[in-house]
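The structure under discussion appears below in the form of structure tokens.
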2 protein chains.
Amino acid sequence: MSATASTMAATCCASLTEAPLAEADAVALAHTYAAVADPVRLRLLSLIAAAGELCSCDLMGPLGKSQPTVSHHTKILSDAGLIAGDKRGRWVHWRVEPAQAAFVQQILGT
Amino acid sequence: MSATASTMAATCCASLTEAPLAEADAVALAHTYAAVADPVRLRLLSLIAAAGELCSCDLMGPLGKSQPTVSHHTKILSDAGLIAGDKRGRWVHWRVEPAQAAFVQQILGT
DNA sequence: CTCTTGCATCGACACCTGTCAATCTAATCG
DNA sequence: CGATTAGATTGACAGGTGTCGATGCAAGAG
């Protein structure tokens, strides 16, 4: 998984030419925040966090988005390591990635 | 706009049709996170937070970006309320918005 | 005053992103 | 088996975003 808020830059003595936040870490952090920089994904996260577990079919309605669009967003959140889906039978059950639960709650302002 | 207070008031118990996070709030949150979803802006924030106060001219070098680009990013962070610049003489001195200091530290993972 | 300088704005460009219709895949049901 | 269904993938399109060069503008420097 990529560097999230928990993985910090441990740069000791950076001159003014270098930011305390290294370029690579900045890219990783930006990638994580980009994942939650979308209203649909925030509400999607909120729905999953509140319900504990939801399948994609239960997301289309509340979000008011088409199936491909929901799939697109779940993939982005999944790639960011914020949610994880396990396929049971015909449905994919999405849940908040336990390791990122605190981060997600923080993000949602809870 | 979209369905907000009017449609929400109709139903008593927000079923799955409504997210715990309202549409308007989601948009606002997303806008804030979008402001920090860029490597350049994260390092810019990092530089200002570390130095306490910096002028735009001191940012171009470390960031490796042109003057218009730096101005572009400072404006976005400023609009998001994360930094504030006061013009003293010929320079604009940027500092982290005091009210958002904790949030910024959180964002930078400090 | 004129010249210089720090910064904002504009215009243009390439790239990324959110969205949906159509299609494909895999798993269940009859 | 074929029919159905949940979900992923593809293709296409509109709109957003990061970047820089050129220009504008206000405020010190001379």
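In what follows, every chain begins at residue 1, and chains take the letters A, B, ... in the order their sequences are listed.
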Can you tell me the distance, in whole Å, between the CG atom of B:D79 and the P atom of D:dG16?
-> 16 Å
To the nearest angstrom, the CG-P distance between B:L59 and D:dG18 comes to 16 Å
Mind checking the CG-CD1 spacing from B:L54 to B:I48? Nearest 0.5 Å is all I need.
-> 6.0 Å
Is the shortest side-chain N/O distance from A:K65 to OP1 or OP2 of C:dT19 below 4.0 Å?
-> yes
Applying side-chain hydrogen bond (donor to acceptor under 3.5 Å, both in side chains), run through A:S56 and A:W94 and close with a yes or a no.
-> CA-CA 8 Å; A:S56 300; A:W94 295 102; 2.9 Å; yes
Exactly one candidate in A:V104, A:L45, A:I76 meets side-chain contact (heavy atoms from CB on, under 4.5 Å) with A:V36; the answer is A:L45
Check if the side chain of A:Q67 and the base of D:dA8 share a donor-acceptor pair of N or O atoms closer than 3.5 Å.
-> yes
Check for a donor-acceptor pair, side chain of A:T74 on one end and backbone N or O of A:V70 on the other, with a separation under 3.5 Å.
-> yes
Can you give one letter per nucleotide of nucleotides 10-16 of chain C, going 5' to 3': B for a protein heavy atom under 4.0 Å from the base, S for sugar-phosphate only, - for none?
-> -------
Between B:L42 (CG) and D:dG18 (P), how many Å, whole number?
-> 12 Å
A:K75 has an atom NZ; how far is it from atom P of C:dG18, in whole Å?
-> 14 Å
Round to a whole Å and report the spacing from NE2 of A:H72 to C1' of D:dA12.
-> 14 Å
Once base and sugar-phosphate atoms are separated, protein heavy atoms under 4.0 Å mark nucleotides 24-30 of chain D, 5' to 3', with B, S and - as ---SSS-
Look at all strands and tell whether B:H73 reaches a base, only sugar-phosphate, or nothing, counting heavy atoms closer than 4.0 Å.
-> sugar-phosphate
Any donor-acceptor N/O pair, B:R95 side chain to B:E53 backbone, under 3.5 Å = no
Under 3.5 Å: donor-acceptor pair, side chain of A:Y33, backbone of B:I107 = yes
Give the cluster check for B:L63 versus B:M60: same hydrophobic cluster or not, with ILVMFWY residues linked at side-chain heavy-atom distances below 4.5 Å.
-> yes
Please give, in whole Å, the distance from C:dT5 C1' to B:D58 CG?
-> 14 Å
For B:R41 and B:A34, indicate whether the former's side chain and the latter's backbone hold a donor-acceptor pair under 3.5 Å.
-> yes
With sugar-phosphate meaning primed atoms plus P, OP1 and OP2, does A:V70 contact a base, only sugar-phosphate, or nothing at under 4.0 Å between heavy atoms?
-> nothing
Which listed nucleotide (D:dG7, D:dG18, C:dC7) is nearest to the side chain of A:W91?
-> D:dG7
Have a look at A:T69 and say if it touches a base, only the backbone sugar-phosphate, or nothing, with a 4.0 Å heavy-atom cut-off.
-> base
Name the closest nucleotide to the B:S71 side chain, picking from D:dT19, C:dT9, D:dT9.
-> C:dT9
Please check if the side chain of B:S78 supplies one atom and the backbone of B:A84 the other of a donor-acceptor pair under 3.5 Å.
-> no
Take the protein atom CG of A:L63 and the nucleotide atom C1' of D:dG7, then report the distance between them rounded to whole Å.
-> 15 Å
How is A:I76 classified with respect to the nucleic acid when contacts are heavy atoms under 4.0 Å: base, sugar-phosphate, or nothing?
-> sugar-phosphate
Find the distance between CZ (A:R43) and NZ (A:K65) and round it off to the nearest 0.5 Å.
-> 9.5 Å
Between P of D:dA8 and CG of A:L77, the distance in whole Å = 12 Å
